[in-house]
Amino acid sequence: MPELPEVEVVRRGLLPHVIGRRIERVEILDARTARRQAGGPHALVADLTGARVDALVRRGKFLWWRLSDPERAEGSVGTDVAEAGGPGPQVALMTHLGMSGQLRVRSDGGSGASTVPADTAVSEGPASDPRRHRRATLHLDDGTQIDFLDQRLFGGLWTSALAPTADGHPAGEGSPDALLPVDAAHIARDLLDPAANLPAIARRLRTRTASIASLLLAQGLVSGIGNIYAAEGLWAARAHPDTPGAMLSQVRAHRILRETAAVMRRALDVGGTSFDALYVNVDGRSGYFARSLAAYGREGEPCPRCGRGIVRFQRQGRSCFVCPACQRLSRG
DNA sequence: CGGGCCCTGGAT
DNA sequence: ATCCAGGGCCCG
């Protein structure tokens with residue numbers, strides 16, 4: 001499912017297609033996609049129509065589009081970035097992929113053909129049909145269309161006002177300044193954020209009684225980690241998911257964070273993970289990291305480190321995958 | 001801080 | 001027909 005590396009792949013893929021473009025028209029095909037929008041789908045359309053896209057920013061799994069209003073910012077083209085005051089309250093378009101969301105680029109008038117040459121398109125499955133589960137479309141001023149597809153409707157689009165970050169650092173990957181959407185203010189910095197302080201996060205993990213797995217998934221101390229990368233990071237650090245945060249040494253807590261970051265970087269290098277063809281990049285193609293998973297989804301298969309069978313169990317309605325030999329609770 | 005909920009569709 | 005997958009929010 002889309003976690004930090006997959007969302008970053010989408011952000012990078014989208015960038016050349018949307019930066020500097022104006023949103024001319026917005027279609028909302030399923031109102032539930034605008035569930036988090038104050039004022040509902042009509043307000044979302046009103047906020048977006050006519051706006052120009054200035055930046056694409058990601059923190060954790062949240063991806064937002066920095067927007068400006070060209071009408072109001074007239075005459076300041078090229079030098080408007082650091083203008084004092086600025087033109088009124090700015091909003092960002094928030095996009096979250098949830099479980100099954102995709103952002104796909106199309107450049108034609110709606111025949112369904114991809115911008116990608118036919119020989120590079122994926123073979124089969126839901127991801128190969130660019131019209132299936134389409135929930136919204138942004139029509140840009142150069143004819144490009146950005147489709148938001150979402151089979152399970154856990155994702156969404158909505159607008160959120162900007163406010164300064166607490167630490168004065170840039171809000172996230174791709175952020176031109178320290179302005180953060182208020183709807184992402186409760187989301188911690190992620191492990192690939194240069195402003196993230198891993199030793200400090202490790203110290204905070206150690207003040208908590210909850211299990212390390214639930215802390216990694218909670219987004220409040222560190223963001224961007226979902227069930228796949230939690231499983232992989234804990235496996236790499238030889239830590240059991242049930243270990244209480246307070247039972248971890250500083251060295252060990254720090255190591256879990258570093259290993260999880262390393263796994264994410266490797267995934268990013270190969271275009272993200274896809275183990276069920278639900279996740280794809282903006283071209284509709286999937287990444288190649290699934291073949292590198294050591295624990296997640298590998299119940300009964302040998303641990304790549306010691307050969308023991310990977311064991312699966314449930315925690316809080318989610319599956320955990322561990323090597324019973326490498327990842328012991330008593331290791332602390 | 002754990003549990004329920006939202007959702008759909010593929011597997012059983 | 002039923003179960004299962006899970007990110008994030010809301011509830012107690």
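Quick note on labels: first sequence line is chain A, next is B, and so on, each numbered from 1. All values derive from a computational prediction rather than experimental measurement.
Both A:Arg135 and A:Ala210 sit near DNA chain B, but only A:Ala210 has its closest nucleotide nearer the 5' end.
In this structure, the nucleotide among C:dA5, B:dG9, B:dG2 sitting nearest to the side chain of A:Tyr296 is C:dA5. In this structure, of B:dG9, C:dG7, C:dC9, it is C:dC9 that holds the atom nearest to the side chain of A:Arg36. Nearest to the side chain of A:Lys61, among B:dG2, B:dT8, C:dG8, sits C:dG8. The A:Thr209 side chain lies nearest to B:dC1 when the options are B:dC1, C:dG7, B:dC7. The nucleotide whose nearest atom lies closest to any side-chain atom of A:His133 is, among B:dC1, B:dT8, C:dG6, B:dT8. When each of B:dG9, B:dG2, B:dC7 is scored by its nearest atom to the side-chain atoms of A:Arg32, the top-ranked nucleotide is B:dC7. When the nucleotides B:dT8, C:dC4, C:dG6 are ranked by their closest atom to the side chain of A:Arg312, C:dC4 comes out on top.
Taking atom CZ of A:Phe62 as the reference point, atom C1' of C:dG7 lies 9 Å away to the nearest angstrom. Taking atom CG of A:Leu217 as the reference point, atom P of C:dG8 lies 9 Å away to the nearest angstrom. When the P atom of B:dT8 is taken as reference, atom CZ of A:Arg152 falls 11 Å away, rounded to whole Å. Remark: P of B:dC5 and CE of A:Met99 are 18 Å apart, rounded to the nearest angstrom. Atom CG of A:Leu216 is separated from atom P of C:dG7 by 13 Å (rounded to the nearest Å). Here the P atom of nucleotide C:dC11 and the CD atom of A:Gln316 are 19 Å apart, to the nearest Å. If you take CD of A:Glu3 and C1' of C:dG7, they are 9 Å apart, rounded to a whole angstrom. Put simply, CZ on A:Arg35 is 9 Å from P on B:dT8, counting in whole angstrom units.
For A:Phe154 and C:dG7, the ring-to-base geometry satisfies the stacking test (centroid distance below 5.5 Å, interplanar angle below 30°).
With hydrogens and angles ignored, a donor-acceptor pair under 3.5 angstrom links the side chain of A:Arg318 to the base of C:dG8.
Looking only at atom types and distance, the side chain of A:Thr159 has a donor-acceptor partner in the side chain of A:Gln37 under 3.5 Å away. Counting only N and O atoms by type, the side chains of A:Arg318 and A:Gln316 include no donor and acceptor under 3.5 Å apart. Side-chain contact annotation: A:His139 with A:Glu27, donor-acceptor N/O pair under 3.5 Å present.
Between A:His186 and A:Phe62, the two ring planes are perpendicular [angle over 60°; tilted spans 30° to 60°].
For the pair A:Arg11 and A:Trp64, the cation does not sit on the ring face, since its NZ or CZ is not both under 6.0 Å from the ring centre and inside 45° of the axis.
Comparing the local axis fitted to the first five base pairs of the helix from B:dC1-C:dG12 to B:dT12-C:dA1 with the one fitted to its last five gives a bend of 50°, rounded to 10°.
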